[in-house]
Structures are given as C-alpha cells and as structure tokens.
Amino acid sequence: MHSEVFLVLFSPDYFRQRLEMATKTQKYNFKEIEDKWQRIWDEVELYRAADSPDPHNKFYMLVMFAYPSGDIHMGHFRNYIIGDAVARQQMMLGRDVLHPFGWDAFGLPAERAAIQRGIHPQEWTLKNISVSRDTLKKAGISFDWSREVTSSLPDYYKWTQWMFIQLFKNKLAYRKRGFVNWCPEDKTVLANEQVKDGKCERCHTPVIKKDQEQWYFKITHYADRLIDDLDDLPGWPENVKTMQREWIGRSFGAEIDFEIEETGEKLPVFTTRPDTIYGVTFMAIAPEAEIVDRLNLGGEYKEQVEQYRQKALARSDIERAAVTEDKDGVFTGKYAINPFNGERIQLWVADYVLAGYGTGAVMAVPAHDTRDFAFAKKYGIPIKVVIHPDKNTALDVDQMEDAFVDYGPMVNSAHFDGLAGKEAIGKVTQYAESQGFGRSKINFKLKDWSISRQRYWGCPIPIIHCATCGLVPVPEDQLPVLLPKVKDYTPKGRSPLADLPEFINVKCPGCGGEAERDPDTMDTFVCSSWYYLRYIDAHNDSEPFDKDKALRWMPIDLYIGGITHATGHLIYFRFFHKFLKDIGWVTTPEPAQRLFNHGMVMDSKGEVMSKSKGNVISPMELVANHGVDVTRLGMFFVAPSDKEVLWSNDTLTGVEKFAINKFYPLVNCLRGSQPDLKQYFNRDKLSADEWKLYIKLNQTVKKASDSVEKLQFNTAISALMELTRDFEPEKVSNEALNDYVILKAIQLAAPMIPHMSEEMWRQAGFEDSVFRSDWPAHDPNAVIGDTIEIAVQVNGKLRDSVSVAADAGQEDVERAAFESPKVVRFTENKDIIKKIYVKGRILNIVVKG
RNA sequence: GCGAAAGUGGCGGAACUGGCAGACGCGCUGGAUUUAGGAUCCAGUGCCGCAAGGCAUGGGGGUUCAAAUCCCCCCUUUCGCACCA
C-alpha cells in the first residue's frame with residue numbers, strides 16, 4: 001500500500017467505495033485461499049511440535065482418539081475445531097504446543113467389512129485412515145501429523161503388548177474363570193461399559209452370561225485412588241466426576257461371617273447396615289454363587305434349586321432387571337446361624353442378589369430394606385423390627401407397608417439397644433471384630449476390567465501358556481507378537497487365531513518345551529488407554545516413550561471429547577496413568593488437567609444424525625460450498641461449545657455475511673502505517689472518536705480472550721462483529737490507530753477463521769504467520785470510556801439513565817439524576833429514604849409516600 | 001424410583017461476583033436499489049397500550065434497596081444410575 005496515493009484519495013467516500021468495491025468485485029475465493037495456506041503451513045511445518053519443550057511454557061492439546069470410519073461427521077468436526085482454535089491461540093500465546101492425532105484402528109467394523117467384502121481389515125483400515133486424514137487436512141485442523149499413531153500397526157501395538165506385560169509382571173493382569181457378559185451376535189465377551197440396558201452396545205442384541213476363563217486387569221486395585229484423586233481435578237466437569245464416583249461405587253460397611261448350620265462353612269456377607277444385624281430373618285444367595293454347590297442339598301430342594309438356577313442364568317440382564325418389582329427365589333431347606341445371637345435363619349437362593357458384588361450373598365433384614373421386605377412378604381418370611389424412627393416412635397410390623405430404611409435407635413438388639421446411626425454401626429462392627437466374626441469393609445461396584453476378546457482384529461495378548469511353567473510373558477525383546485493373516489474371520493465363539501497352529505504352537509521361553517500362545521486379542525480400550533503418551537515420542541522404537549519428554553509434555557492441558565466416554569475410556573485412561581506412575585514412567589498423578597465435553601450435533605429436529613434416517617449433514621459438504629472458515633465460524637457461533645446444537649444450514653447465513661462482506665474487506669482499509677503492536681495508545685494523541693474506538697478494541701480483546709478461555713467462541717465472534725460494526729475508518733485520521741485496530745482484529749479472529757486471517761495478515765504486509773504473532777493483550781487503562789451511563793432506579797424500577805464522567809462520585813451521579821425530569825416525576829413530594837449507588841453501574845433511590 | 005443439570009422473544013443464544021434482561025445473529029416488517037429474482041444498504045422488531053406507563057427470564061412463594069442470578073415448593077425437559085445389600 002502506498003501512502004502517497006492514499007493521501008490523495010483520502011475522503012470518507014473513498015472508504016465507502018473501497019468497501020463496496022471489495023464486496024462486489026473481489027469475491028473472497030475461499031477455495032484458492034484455503035488451499036494456498038494449507039499448503040504453506042504444511043511446508044513451513046507450522047504445527048510441528050517441539051521435541052523437547054519448555055515444561056513451564058507448553059500446552060498439550062488433545063482430542064480423543066478416533067475410529068477411522070472414513071468420513072468425519074459434524075460431531076467430529078465440532079470436536080476438532082474447538083481443539084484447533086485453542087491450539088492456535090496457545091501458539092499465539094507463545095507456548096510450545098502439542099496437538100496430535102491418531103487412530104483407534106482395531107475393532108469390529110474393520111472385521112465386519114472384511115467378512116462382508118473379503119478385504120483384509122488392515123487394508124480396509126489404512127484406506128479409511130488415508131481418506132480421513134485428507135479430510136482433516138482439508139478442514140485445516142492444526143494437527144502435527146508427524147506424530148500420527150495407528151493402534152493397529154505393529155510399531156504401536158508392540159507397546160500395547162509391552163504395557164500388558166508390565167501389568168502382568170505387577171500382578172495386575174490375571175486370568176479368572178467367571179461369568180462374563182456374552183454377546184451372542186458378535187460372539188465375544190463384553191466389558192460392563194459395553195453393555196447398555198442389558199444389550200450389546202454395538203449390535204443391540206440382549207447380552208447373556210457365560211462362564212469362561214478370561215483375562216482381567218485389576219483396576220479395582222486403584223479404586224480408592226480413582227475416586228479420591230477426582231477431588232484434585234478442578235478442571236474436570238462435575239457431572240463426569242460424579243458419574244465416575246458412582247460407577248466406582250465405594251461403600252463403607254462391614255463383613256459379617258454367618259455359618260452354614262449343617263456344614264459349618266463360614267459365609268461372609270457384606271452390609272452397610274450392621275446396625276440392623278438383629279433384624280436378619282433370612283439369607284439370600286445369588287444363583288451363580290459357588291457356595292450353593294456345597295450346601296449338600298437333598299431331595300426336592302436340590303431339584304428346585306437347580307431348576308431355579310438354570311432359569312436365572314438363562315435370563316438376560318434386562319429380564320432380570322425387569323423383575324425388580326416381583327422378586328423371586330427358592331428355599332434351599334438349609335439354615336445359617338447369625339453369629340450375634342445364634343439365631344437360625346433360612347437360606348434362600350434369589351435372583352435379586354448380584355453374584356458380582358460383595359460375596360454374592362446378603363443378610364436379609366426385611367424390616368429395614370425395601371428389597372428384603374418385598375421378598376419376605378411374598379414368601380411369608382418373618383419380619384423383625386430392630387430400628388425405630390426415634391425414641392418415642394415405635395414401628396408395628398403388622399402396619400408396615402414398606403421397609404423403614406432410615407437410621408434410628410436400635411431396639412430388640414441386646415446390649416446395643418438405644419444406639420443409632422454411625423455410632424451404632426461403629427459399635428456393632430467393633431464387637432464383631434472383637435469376637436472374630438466380622439470386620440469393617442469397603443466394597444466397590446467397580447469390577448476388574450475384562451479385556452480378552454475372542455476376535456481377530458485386535459492386539460494379540462503376549463502370553464504363552466506352558467504346561468510346565470504356567471503363564472509366561474513373551475520376552476520383551478521378541479515383541480511385537482504379530483497378528484498373523486487368517487483365512488476366516490467369521491466368529492465361532494473362539495478366537496480365529498486359535499485355529500492357526502503356526503501361530504499357536506511355540507516353544508516356551510522358560511523351559512523350551514512345547515507351549516501355546518494365547519489366542520485372544522485385547523479390548524480396544526486397552527489401545528486407547530495410553531495413546532496420549534505415544535504422541536509424545538511417536539517414533540521411539542526402543543521404548544514406549546521417552547521419560548524425559550513425557551516429563552516435559554505431561555500433563556495434558558486440555559482434553560476434549562464426548563461425554564459418552566465419561567465412565568469407560570476416561571476411567572481406564574486414568575487407571576493406566578496411575579499404574580505408569582507407580583512403575584516410574586510418568587510423574588503426574590493424573591493424565592489430564594482439564595477435561596471438556598463438547599455438545600452433540602443433532603439435526604434441526606433434534607434427532608441424532610444417522611445414515612438410516614437419511615438426515616446426515618456432512619461437514620465437508622458445507623466446507624465445499626462455504627469454505628472451512630465460514631463453516632467453522634457457523635459452528636462456533638451457533639452455541640457455546642458444551643451445548644447441544646440443532647444444526648441448520650441457515651446458521652451459516654449470518655456468519656458468512658459477516659466474514660465475507662464485513663470482516664475480510666477490512667484489509668482494504670489498511671493504510672500501511674505499520675504500528676507497533678506491543679504498544680498502547682496514549683489518550684492525549686487521539687481524538688474523542690478515536691479514543692472511543694480504541695476502548696472498543698480493548699473491550700473486544702478482553703472479551704475475546706475470556707471467551708476463548710471458556711471455549712465460548714460464540715461471544716468472541718459477537719464481540720468481533722460489534723467491533724467491525726463500530727469501526728468507521730473515515731472517522732479515524734490517526735493512521736497507526738486505524739491499522740492497529742484492524743491488525744488486532746485479525747489476530748483475534750485467527751484461531752476461529754485461520755485461513756482468512758492468515759491471508760489478511762499477509763496482505764497487511766507480514767512475512768511470518770499470524771500464528772507466530774503475539775495474541776493481543778488489552779490495555780487496562782482503556783476498557784472504560786470517559787463517560788459512562790448510570791442507570792437510575794426509583795424503588796428498584798428503571799426510570800432513566802444518566803451520562804457522567806467515568807471518575808464521577810456518588811454526588812455527581814445524584815446531581816445528574818435529579819436533573820432528569822423522569823426521575824423528578826417519581827421522587828417529588830416523596831420522602832427519600834435512602835440512595836444506593838453501585839459504582840459505575842446503578843443508582844437506586846428509595847422513596848416513601 | 002434415585003441423582004444431576006437445565007428451562008430467557010418467532011428461533012439460536014447474551015447478561016461480571018445479585019446491579020439497565022434480550023448483546024450478537026437468524027427470521028420477520030417497512031423502505032431504498034433492481035426489468036425481476038437474488039444480493040446489498042437503511043429503519044423497525046419481547047408483550048400490552050394512542051400515550052403516560054404497565055407487564056415480562058417455566059409456575060407459585062420468599063430473602064433484598066435491587067433477583068434470569070440466592071432460598072423453598074411445584075411443573076417440564078435432558079442426561080446419568082437403575083435390585084450394588
């Protein structure tokens with residue numbers, strides 16, 4: 001830009017014309033400009049993260065690992081642009097930024113495609129990855145692709161196997177026979193998290209129980225820390241922390257040993273209410289519980305119990321849950337002894353007792369437990385009151401319509417009578433402990449993580465089964481155990497690998513004898529439990545990652561993903577991290593400092609977008625028609641990032657007009673003054689209008705910075721819209737200020753509309769990227785104008801507003817207020833009781849009469 | 001059933017720590033321009049009322065000089081957990 005030319009042409013009309021010309025003649029060619037900058041950014045490696053960052057000035061921006069399905073949908077797009085805007089702003093704040101991406105590439109869809117179309121899962125997966133990667137590049141997301149990881153490639157899963165072996169060596173990976181969730185359709189074991197409403201999360205087939213030997217990770221070992229450390233995560237949303245606490249489900253109580261009358265076998269039961277111990281009238285055992293086999297059942301009982309057990313096992317979880325109202329069970333003909341009073345109580349087998357919780361048996365106190373009450377009523381089992389609501393109120397068994405479950409003083413409980421609540425629980429537990437038939441106990445709902453899958457497309461479990469040596473891990477220098485090719489992927493209920501003798505048969509690394517490889521593969525949640533560490537050192541072939549680099553990059557500063565992972569992935573990943581800390585690989589107690597869940601993107605009617613409904617809007621189609629920046633801007637503007645969005649393409653109308661017609665043409669208003677962007681302006685050097693503009697700019701800077709911090713880009717955009725609206729170049733004769741305003745606006749917009757901003761920055765004459773410029777800081781002396789509007793209320797009702805100097809005191813404001821006819825009308829002839837003045841905001845005059 | 005979060009114009013949404021409710025945008029209305037459509041520009045747009053003014057943040061109560069914001073009750077929606085002894 002030549003300033004001589006400018007001087008000649010400078011007139012208010014000049015700018016109007018320039019603006020109009022700009023909108024009419026040079027239509028913003030988004031395709032050309034976006035392609036150009038994507039190419040240049042790639043060439044200059046703008047997104048390349050430092051190898052060894054300054055640990056005090058780094059930012060690890062992570063978005064969740066994605067399954068490579070080929071095309072990205074609106075939800076992904078939203079997730080990634082939020083992370084992208086944050087990463088770009090952090091670059092401008094001068095941080096070393098790590099913003100990586102990778103693929104959760106093992107899993108069923110690839111195997112299905114292989115079965116249906118005969119393509120090898122790896123081939124199918126890599127093809128999808130390549131399409132997805134191109135799409136993400138076109139979307140302009142600032143991922144550092146040099147650190148891309150793919151969980152199905154040997155250089156990654158080698159280290160997943162290494163993780164398994166570390167867990168195994170620390171006795172945190174073990175085998176156990178037990179009832180597992182089994183999907184009859186997918187023919188595989190499912191973790192609890194993969195069961196939704198008793199159905200398989202993927203194919204919605206009702207899940208059944210199956211008795212199998214499986215691999216487990218002992219996540220329960222970390223249950224306390226997984227709950228307690230949530231308190232040190234202020235950056236995590238409360239709802240996620242609550243969900244995790246409930247999922248882990250810690251409850252404090254006691255374990256009390258009952259004795260089977262006939263066999264003398266001890267049967268411990270867990271209870272949170274030891275204070276109701278004298279009210280126990282029967283005991284109920286889960287149908288799956290092994291102890292039932294040892295009861296020595298005879299005659300008709302034996303038959304009835306067996307029948308009942310069979311029936312219960314055949315029921316799916318939904319069916320079992322459905323009988324909540326109508327509890328059933330069967331008497332075993334046997335009795336147990338309550339150690340507190342020696343009473344004989346009936347022993348029942350009942351469906352409502354869960355095998356996997358506590359000891360699979362409960363002491364039933366019908367008077368004080370709703371479920372036991374219903375059961376006792378149904379089968380005519382005695383009900384015995386041992387808690388009263390309070391000292392003066394007694395419960396009458398015959399009048400009770402439901403159990404009384406609150407705390408209250410103990411009655412009919414020998415020497416414990418009168419004790420209540422926590423004290424009662426403590427005393428009863430202490431007594432049991434002193435007598436040797438009980439102890440205080442903490443129980444968790446969380447179960448150990450079942451990780452083996454009888455499927456092909458997963459990470460092989462690096463264990464060798466040897467008849468002599470037992471379970472032997474594959475020596476670490478022999479990793480990875482490569483996933484071999486197979487001919488037939490069709491699920492048969494056992495792993496396809498089991499049918500490959502050349503894979504299965506190996507020499508035992510311990511004794512050299514004939515042995516067999518484990519034929520199962522791992523749950524894909526294992527792969528995604530440590531990927532964030534691999535990004536830190538993605539190409540290391542001697543270690544999973546370098547400890548020093550991890551020390552520098554960890555923890556993750558911001559982790560963005562959907563709420564759907566609240567109890568699955570986000571617990572596993574915390575567990576892995578804690579384990580790695582315990583064995584000295586990382587130093588932080590938690591992997592991620594701040595967690596953010598973006599809202600879902602639905603169609604305009606509020607329905608989930610799905611192929612079968614035919615209501616899918618592809619973000620890339622919008623990108624093709626409107627450009628990346630406008631599409632991003634629309635997604636940002638429509639709602640704050642955590643809210644659900646009902647997407648309508650109309651959303652783009654307003655932001656497109658703003659970006660193309662208003663914002664971009666601002667470059668035409670530059671006057672080539674090259675202002676120092678680090679300087680603040682002095683009030684004396686500016687006209688009144690200019691000072692007003694300068695204030696507006698600083699308010700915008702402040703607003704935009706706050707908004708990005710809170711990930712509420714919608715308000716950042718509205719601030720920029722206001723600034724653009726209020727900026728009238730013809731009223732600005734100070735060239736430096738004029739250019740300063742435009743350049744700062746470009747910087748503020750850059751995280752959200754990176755291509756357009758970069759193009760404008762370049763047109764403004766900068767050689768280097770706008771993302772290497774400094775994020776604006778607001779001038780603290782210029783956020784409040786010279787004069788401010790004070791609202792004036794009379795008795796809390798707004799009557800007028802007055803304009804006073806910014807430094808005006810209460811007297812000045814009052815004087816101005818009483819000059820207002822409107823205020824006078826409501827105050828004259830009335831007693832003024834008091835006047836409340838809130839500095840810079842409001843004056844409330846309280847009158848009477 | 002239990003727990004949590006949220007209810008603001010025709011719509012998406014703003015509103016610091018209790019301090020002018022409705023920023024910004026969509027839509028709509030009128031006008032300018034245009035052969036027309038589109039685009040663009042200008043003005044208006046919570047409701048009632050000619051006005052003065054009154055009424056408005058799911059409903060009802062309360063605290064306060066002042067409540068979308070704090071407290072209590074109720075309604076609705078969404079999400080999570082759903083026999084965890």
Side-chain angles (χ1 to χ4, degrees), chain A residues 16 19-20 23-24 197-198 237-240 242-247 249-251 253 269-273 276 283-284 286 320-325 327 350-354 356-365 368-372 374-375 405 443-447 563-564 566-567 600 604 606 633-634 637-640 643-648 650-658 661 702-703 706-707 712 714-722 724-725 789-801 822 825 833-847:
Chain A
R16 277 269 132 68
L19 272 167
E20 280 171 19
T23 56
K24 277 181 188 145
D197 299 324
E238 270 321 307
N239 61 337
V240 172
T242 304
M243 279 160 75
Q244 293 208 351
R245 282 190 194 101
E246 282 173 4
W247 188 267
R250 179 165 57 187
S251 50
V269 296
F270 176 71
T271 178
T272 53
R273 295 296 302 276
T276 64
M283 177 173 285
R320 278 175 79 161
V323 295
T324 304
E325 298 306 312
K327 310 210 171 309
D351 209 345
Y352 78 93
V353 181
L354 301 175
Y357 184 77
T359 59
V362 301
M363 54 176 238
V365 186
H368 306 292
D369 181 281
T370 319
R371 298 151 302 184
D372 300 342
F375 194 85
V405 298
N443 244 319
F444 297 92
K445 283 197 228 176
L446 182 74
K447 293 181 190 66
I563 184 73
T564 42
T567 51
M600 300 228 288
S604 55
L633 205 58
F637 187 63
V638 67
K643 275 205 67 166
E644 175 183 295
V645 158
L646 305 190
W647 183 261
S648 148
D650 295 345
T651 306
L652 295 180
T653 312
V655 292
E656 185 157 44
K657 278 197 267 188
F658 167 70
N661 299 349
K702 191 164 186 294
K703 182 84 201 170
D706 290 350
S707 303
Q712 288 175 4
N714 55 333
T715 50
I717 295 164
S718 86
L720 277 168
M721 286 171 164
E722 285 183 50
T724 308
R725 177 196 63 193
E789 290 285 305
I790 304 289
V792 183
Q793 297 182 332
V794 179
N795 285 352
K797 286 194 173 172
L798 181 71
R799 293 306 174 188
D800 203 356
S801 72
K822 290 185 192 165
R825 181 152 22 110
I833 297 169
K834 61 172 152 176
K835 289 172 278 196
I836 295 131
Y837 176 61
V838 182
K839 199 170 177 307
R841 294 197 177 275
I842 204 165
L843 174 70
N844 190 9
I845 302 161
V846 185
V847 299

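Here is how names work: the chains are called A, B, and so on, in the same order as the sequence lines, proteins then strands, and each is numbered from 1.
Side-chain N/O atoms of A:N661 include one lying less than 4.0 angstrom from OP1 or OP2 on B:rU40.
Pair assignment for B:rC83 gives none, since no Watson-Crick or G-U wobble pairing has each distance under 3.5 Å. A 3.5 Å limit on both hydrogen-bonding distances identifies B:rC28 as the Watson-Crick or G-U partner of B:rG44. With both pairing distances under 3.5 Å, B:rA36 is matched to nothing as a Watson-Crick or G-U wobble pair. In this structure B:rC20 sits in no base pair that meets the Watson-Crick or G-U test at under 3.5 Å. Pair check for B:rA66 finds none; no Watson-Crick or G-U wobble contact set falls under 3.5 Å. Within the shown strands, B:rU77 is the pairing partner of B:rA5 under the Watson-Crick or G-U definition, both distances less than 3.5 Å. Nucleotide B:rA52 is matched to nothing when pairs are restricted to Watson-Crick or G-U wobble geometry with both distances under 3.5 angstrom.
Among the heavy atoms of the strands, none lies under 4.0 Å from A:R245. Using a 4.0 Å heavy-atom criterion, one finds that A:S801 contacts no nucleic acid atom at all. Across all strands shown, A:R250 has no heavy atoms under 4.0 Å from either base or sugar-phosphate atoms. Contact annotation for A:E238: no contact, since no heavy-atom pair falls under 4.0 Å across all strands. Residue A:S251 is in sugar-phosphate contact alone, with no base atom involved, counting any heavy-atom pair closer than 4.0 Å across all strands shown.
One P atom belongs to B:rC73, the other to B:rC81, and the distance between them is 26 Å to the nearest Å. Annotation: B:rU33 and B:rG38 have their C1' atoms spaced 13 Å apart (nearest Å). Rounded to a whole angstrom, the distance from the P atom of B:rG9 to that of B:rG3 is 29 Å. With both ends at atom P, the span from B:rA32 to B:rG10 equals 29 Å, rounded to whole Å. Separation of the P atoms belonging to B:rG46 and B:rG22 is 10 Å when rounded to the nearest angstrom. The same atom, C1', is picked in B:rC79 and in B:rC26; the two are 28 Å apart, to the nearest Å. B:rC70 and B:rU17 have their P atoms separated by 11 Å, with the value rounded to a whole Å. Here the separation of B:rC28 from B:rG12, taken at their C1' atoms, is 15 Å to the nearest Å.
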Run the side-chain contact (heavy atoms from CB on, under 4.5 Å) test on A:M721 and A:V655 for me, step by step, so that the C-alpha distance in whole Å, both residues' side-chain angles and the decisive distance to 0.1 Å come before the verdict.
CA-CA 9 Å; A:M721 286 171 164; A:V655 292; 4.3 Å; yes

For side-chain contact (heavy atoms from CB on, under 4.5 Å), just list the numbers for A:T276 and A:D369, CA-CA rounded to whole Å, side-chain angles, deciding distance to a tenth of an Å, and then say yes or no.
CA-CA 10 Å; A:T276 64; A:D369 181 281; over 6 Å; no

Let me see the working for A:E722 and A:R725 under side-chain contact (heavy atoms from CB on, under 4.5 Å), right down to the final yes or no.
CA-CA 5 Å; A:E722 285 183 50; A:R725 177 196 63 193; 3.8 Å; yes

Criterion side-chain contact (heavy atoms from CB on, under 4.5 Å) on A:R273 and A:V365, from CA distance to verdict
CA-CA 9 Å; A:R273 295 296 302 276; A:V365 186; over 6 Å; no

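Nearest heavy atoms, A:I790 versus A:G840: CD1-C, 3.5 Å. For the residue pair A:L843 and A:K835, the shortest heavy atom distance occurs at CD1-CB, 4.5 Å. Counting all heavy atoms, side chain and backbone alike, A:N714 lies closest to A:F637 at CB-O, 3.4 Å.
In this structure, A:D372 atom CG and B:rA85 atom P are separated by 12 Å, rounded to whole Å. Atom CG in A:L798 sits roughly 15 Å away from atom C1' in B:rA67 (whole-Å rounding). Whole-Å rounding puts the A:M721 CE to B:rG25 C1' distance at 6 Å. In this entry the distance linking CZ of A:F658 with C1' of B:rA23 reads 14 Å, nearest Å. Note: NZ (A:K797) to P (B:rA52) measures 16 Å, nearest angstrom. Rounded to whole Å, atom C1' of B:rC83 lies 11 Å from atom NZ of A:K445. Between the CD1 atom of A:I833 and the C1' atom of B:rA66 there is a distance of 15 Å, rounded to whole Å. Distance A:R725 CZ to B:rC24 P: 5 Å, rounded to the nearest Å.
Between A:N795 and A:V846 there is a side-chain heavy-atom pair separated by less than 4.5 Å. Residues A:R799 and A:V792 are not in side-chain contact: their nearest non-hydrogen atoms beyond the backbone lie 4.5 Å or more apart.
Checking B:rC65, B:rA23, B:rG25 against the side-chain heavy atoms of A:V846 singles out B:rC65 as nearest. Side-chain proximity of A:N844 to B:rA23, B:rG19, B:rA85: nearest is B:rG19. For A:Q793, the listed nucleotide lying nearest its side chain is B:rG19; candidates were B:rG19, B:rC83, B:rC81. Proximity note for A:R799 (side chain, C-beta onward) versus B:rC24, B:rA85, B:rG53: the nearest is B:rG53. Nearest nucleotide to the A:Y352 side chain, out of B:rC83, B:rC20, B:rC24: B:rC83.
In this model, no side-chain donor or acceptor of A:K835 finds a partner on the base of B:rC65 within 3.5 Å.
In this structure, CZ on A:R250 lies 11.5 Å from CG on A:L446, to the nearest 0.5 angstrom.
Where A:M363 and A:R825 meet RNA chain B, the nucleotide closest to each residue was compared, and A:R825 sits on the side nearer the 5' end. Of the residues near RNA chain B, A:I842 and A:T653, the one whose nearest nucleotide (by heavy atom distance) lies more toward the 5' end is A:I842.
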Treat primed atoms plus P, OP1 and OP2 as sugar-phosphate and everything else as base, then score nucleotides 12-18 of chain B 5' to 3': B for base contact with protein heavy atoms under 4.0 Å, S for sugar-phosphate contact only, - for none.
BSSSB--

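In this structure, A:Y357 and A:F270 have perpendicular ring planes: the angle between them is above 60°, well past the 30° mark.
Applying the 90° criterion around 0 to the glycosidic angle, B:rG30 comes out anti.
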